[in-house]
Amino acid sequence: MANASSISRSLRRSLAPDDLHRLLLQRSRAFVTAECHRPVVLHKRGPDILHDPWFNRGTAFSMTERDRLGLRGLLPPSVVSSQQQIDRFMGDLKRLEQNARDGPSDTYQLAKWRILNRLHDRNETMYYKVLIDNIEEYAPIVYTPTVGAVCQNYSGLFRRPRGMYFSAEDRGEMMSMVYNWPADQVDMIVVTDGSRILGLGDLGVQGIGIAIGKLDLYVAAAGINPQRVLPVMIDVGTNNEKLLKDPLYLGLQEHRLEGEEYVEIIDEFMEAVFSRWPNVIVQFEDFQSKWAFRLLQRYRKTYRMFNDDVQGTAGVAIAGLLGAVRAQGRPMIDFPKQKIVVAVLGLVL
């Protein structure tokens with residue numbers, strides 16, 4: 001029986017050079033493909049995997065992979081295929097081609113946000129330095145009004161996860177999920193359920209942009225340590241029919257939970273974050289009014305929390321009015337004598 005070396009010599013003599021090259025190339029490709037599918041032992045977990053281009057699969061990680069690798073809560077809840085990720089990328093690429101041919105379709109402000117967000121992804125120190133030194137120019141980019149357009153388009157803009165995502169599918173798991181976040185100390189959490197983002201209505205999981213933007217301002221304008229803040233999305237579904245039909249939407253594609261089911265999820269979230277970070281402040285942001293007031297009454301005497309739309313906006317308004325009295329050099333006793341004009345401005349995106 002001929003051995004492998006003699007068969008190889010016979011093939012070399014009988015095949016034309018081009019045919020031999022093709023055969024060897026096919027064997028090489030088959031060998032490489034087989035090797036690439038061998039299991040890989042990972043010594044990384046959580047954010048370290050998401051920031052490693054060799055191993056990061058983004059939203060394509062299955063739920064079992066997320067549990068094994070400490071990724072649960074660090075990614076939007078929707079599990080998408082690699083092809084869907086490619087479709088999202090190609091959609092962005094096609095928009096770039098169209099912009100070059102027909103002029104920009106992105107607003108000028110959204111284009112600025114894209115550039116700042118890329119800087120945030122690769123160099124956070126430089127990002128906050130730029131924001132602090134140019135706060136008047138860039139505050140309207142990282143927050144209102146531009147953040148409204150960001151939230152409307154967040155599924156398409158998504159590149160690298162930021163913050164944590166708790167969903168209706170995580171019931172019973174939140175106490176362990178909070179330990180997937182790498183910071184041992186968190187001072188400030190801004191949380192939303194995406195149900196009433198600015199004047200835009202229900203944007204579901206895409207409302208995470210509002211929490212990210214608000215904390216960016218807290219870091220740049222108030223000096224809070226950026227390593228000790230945490231933007232959070234609680235995804236309990238969406239009633240936005242457009243998002244329910246969008247194959248690229250990153251959230252749960254089901255209608256919103258209501259009643260006690262909804263409250264139980266918020267209860268579990270609050271218990272989990274205060275168990276790990278007992279001194280944290282939790283700010284509720286852009287919840288529907290029916291939930292904003294109910295949750296404020298439910299938690300205000302138990303946890304260190306507040307609702308920005310109920311209390312924060314009112315506090316800022318009062319501070320402005322009191323500041324106006326001081327600016328006139330008048331005593332505070334004259335405050336009731338002031339004439340106050342309220343101007344309502346529409347949100348332009």
Colleague: Write down the atom of Ile224, the atom of Val229, and the distance for their closest heavy-atom approach.
Modeller: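 So the two residues come closest at CG2-CG1, 3.4 Å.
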Colleague: Please test Trp181 against Trp277 for side-chain contact (heavy atoms from CB on, under 4.5 Å), starting from the C-alpha separation and ending with a verdict.
Modeller: CA-CA 11 Å; Trp181 189 251; Trp277 303 297; 3.9 Å; yes
Colleague: Output yes when Arg72 and Asp170 qualify as a salt bridge under the 4.0 Å nitrogen-oxygen rule, no when they do not.
Modeller: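 Result for this pair is yes, salt bridge flagged.
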Colleague: Begin from the C-alpha positions of Val263 and Arg298 and carry the test side-chain contact (heavy atoms from CB on, under 4.5 Å) through to its verdict.
Modeller: CA-CA 10 Å; Val263 175; Arg298 186 176 182 85; 3.4 Å; yes
Colleague: Which Ile, Leu, Val, Met, Phe, Trp or Tyr residues join Val79 in one cluster when any pair of side-chain heavy atoms under 4.5 Å counts as a link?
Modeller: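 Answer for Val79: Met63.
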Colleague: Can you list every side-chain hydrogen bond (donor to acceptor under 3.5 Å, both in side chains) pair that touches residues 244-253, not counting sequence neighbours?
Modeller: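 Residue pairs with at least one partner in residues 244-253: there are none.
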Colleague: Mind checking side-chain contact (heavy atoms from CB on, under 4.5 Å) for Lys242 and listing every partner two or more places apart, or none if nothing turns up?
Modeller: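 Asn240.
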Colleague: Test of understanding: with side-chain contact (heavy atoms from CB on, under 4.5 Å), list the residues that count as partners of Arg68, not counting sequence neighbours.
Modeller: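 For Arg68 the side-chain contact (heavy atoms from CB on, under 4.5 Å) partners, ignoring immediate neighbours, are Thr64, Glu65.
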Colleague: With hydrophobic residues grouped by side-chain heavy-atom distances under 4.5 Å, do Leu119 and Ile135 end up in a single group?
Modeller: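 Yes, Leu119 and Ile135 fall within the same hydrophobic cluster.
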Colleague: Can you measure from CG (Leu69) to CG (Asn180) and round to the nearest 0.5 angstrom?
Modeller: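 One finds 10.0 Å between CG of Leu69 and CG of Asn180.
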Colleague: How long is the span from the CG atom in Asp309 to the CD atom in Gln311, to the nearest 0.5 Å?
Modeller: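 Rounded to the nearest 0.5 Å, the CG-CD separation comes to 10.0 Å.
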Colleague: Using the rule that two of Ile, Leu, Val, Met, Phe, Trp, Tyr join whenever any of their side-chain heavy atoms come within less than 4.5 Å, decide whether Leu248 and Leu244 are in one cluster.
Modeller: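 As far as the 4.5 Å side-chain criterion goes, Leu244 and Leu248 are not connected within one cluster.
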Colleague: If the condition is side-chain hydrogen bond (donor to acceptor under 3.5 Å, both in side chains), which residues does Ser78 pass it with, not counting sequence neighbours?
Modeller: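 Partners of Ser78 by the side-chain hydrogen bond (donor to acceptor under 3.5 Å, both in side chains) criterion come out as none, since no residue qualifies.
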Colleague: Please walk me through it: do Val186 and Arg228 pass side-chain contact (heavy atoms from CB on, under 4.5 Å)?
Modeller: CA-CA 4 Å; Val186 172; Arg228 295 170 70 160; 5.6 Å; no
Colleague: With sequence neighbours left out, what residues match Asp202 under side-chain hydrogen bond (donor to acceptor under 3.5 Å, both in side chains)?
Modeller: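 Thr238, Arg256.
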Colleague: Taking all heavy atoms of Thr192 and all of Asp286, pick out the closest pair and write down the distance.
Modeller: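 That closest heavy-atom pairing would be OG1-O, 3.6 Å.
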Colleague: Examine the side chains of Gln185 and Asp187 and answer whether a donor and an acceptor come within less than 3.5 Å of each other.
Modeller: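 Asp187 and Gln185 do have a side-chain donor-acceptor pair below 3.5 Å.
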Colleague: Can Ile132 be reached from Tyr143 by stepping across I, L, V, M, F, W or Y side chains whose heavy atoms are under 4.5 Å apart?
Modeller: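 The answer is no; the residues belong to distinct hydrophobic clusters.
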Colleague: Same cluster or not: are Leu252 and Met164 linked, directly or through other Ile, Leu, Val, Met, Phe, Trp or Tyr residues, by side-chain heavy atoms under 4.5 angstrom apart?
Modeller: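 Different clusters: Leu252 never reaches Met164 through Ile, Leu, Val, Met, Phe, Trp or Tyr contacts under 4.5 Å.
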Colleague: With sequence neighbours left out, which residue pairs that include part of residues 144-174 fulfil the ring pair (Phe, Tyr, Trp, His ring centres under 6.0 Å) condition?
Modeller: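 Passing the test, one end in residues 144-174: Phe166-Phe269.
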Colleague: State the CD1-CD1 distance between Ile281 and Ile189, to the nearest 0.5 angstrom.
Modeller: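 Here the rounded value is 10.5 Å.
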Colleague: Is the backbone N or O of Pro77 less than 3.5 Å from a side-chain atom of Glu169, with the two atoms forming a donor-acceptor pair by type?
Modeller: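 Judged by distance alone, no pair lies under 3.5 Å.
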Colleague: Would you please test His120 and Glu124 for side-chain contact (heavy atoms from CB on, under 4.5 Å) and show each step?
Modeller: CA-CA 5 Å; His120 198 174; Glu124 190 164 280; 3.2 Å; yes
Colleague: For Glu271, which residues count as a side-chain contact (heavy atoms from CB on, under 4.5 Å) partner, sequence neighbours excluded?
Modeller: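 Testing Glu271 for side-chain contact (heavy atoms from CB on, under 4.5 Å), a comparison that skips the adjacent residues, returns Met175, Ser275, Tyr303.
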Colleague: The criterion is side-chain hydrogen bond (donor to acceptor under 3.5 Å, both in side chains); which residues satisfy it with Glu258, sequence neighbours excluded?
Modeller: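 Result, side-chain hydrogen bond (donor to acceptor under 3.5 Å, both in side chains) vs Glu258: Lys290.
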Colleague: Is it the case that Asp334 and Gln338 place a side-chain donor and acceptor less than 3.5 Å from each other?
Modeller: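 Looking only at side-chain atoms, Gln338 and Asp334 do not form any donor-acceptor pair under 3.5 Å.
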Colleague: Walk me through whether Glu260 and Arg294 qualify under salt bridge (charged side-chain N to carboxylate O under 4.0 Å, His left out).
Modeller: CA-CA 12 Å; Glu260 288 307 309; Arg294 181 175 173 181; 3.0 Å; yes
Colleague: Give every residue pair that meets the salt bridge (Lys or Arg N to Asp or Glu O under 4.0 Å) criterion with at least one member in residues 137-148, sequence neighbours excluded.
Modeller: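 Every salt bridge (Lys or Arg N to Asp or Glu O under 4.0 Å) pair that includes a residue of residues 137-148, provided the two are not neighbours, is Lys112-Glu137.
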Colleague: Could you report the tightest heavy-atom contact between Val310 and Ala292, atom names first, then the distance?
Modeller: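 That would be CG2-CB, 4.3 Å.
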Colleague: Is it true that, when you exclude Ile340 itself, more than 12 heavy atoms of the residues, nucleotides or ligands shown sit nearer than 6.0 Å to its CD1?
Modeller: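 Yes.
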Colleague: How long is the span from the CG atom in Leu322 to the CE atom in Met332, to the nearest 0.5 Å?
Modeller: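 Output value for this atom pair is 5.0 Å.
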Colleague: Do Phe306 and Phe284 touch side chain to side chain, with heavy atoms closer than 4.5 Å?
Modeller: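 No - every pair of side-chain heavy atoms lies 4.5 Å or more apart.
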Colleague: The criterion is side-chain contact (heavy atoms from CB on, under 4.5 Å); which residues satisfy it with Ser176, sequence neighbours excluded?
Modeller: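 With sequence neighbours excluded, Ser176 shows a side-chain contact (heavy atoms from CB on, under 4.5 Å) to Glu173, given in chain and number order.
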Colleague: I'd like to check the side-chain hydrogen bond (donor to acceptor under 3.5 Å, both in side chains) partners of Asp216; sequence neighbours left out, ordered by chain and number.
Modeller: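 Listed in chain order: Tyr127, Tyr128.
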Colleague: Output the distance between atom CD (Gln227) and atom CG (Asp184), rounded to the nearest 0.5 Å.
Modeller: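 So the CD of Gln227 and the CG of Asp184 are separated by 11.5 Å.
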Colleague: Which value, rounded to the nearest 0.5 Å, describes the distance between Glu285 atom CD and Asn307 atom CG?
Modeller: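 If we round to the nearest 0.5 Å, Glu285:CD and Asn307:CG are 8.0 Å apart.
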Colleague: Taking Arg162 as the fixed residue, which of Leu74, Leu230, Asp121 is the one that meets the side chain to side chain contact (heavy atoms under 4.5 Å, CB included) rule?
Modeller: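 Answer to the side chain to side chain contact (heavy atoms under 4.5 Å, CB included) test with Arg162 among Leu74, Leu230, Asp121: Asp121.
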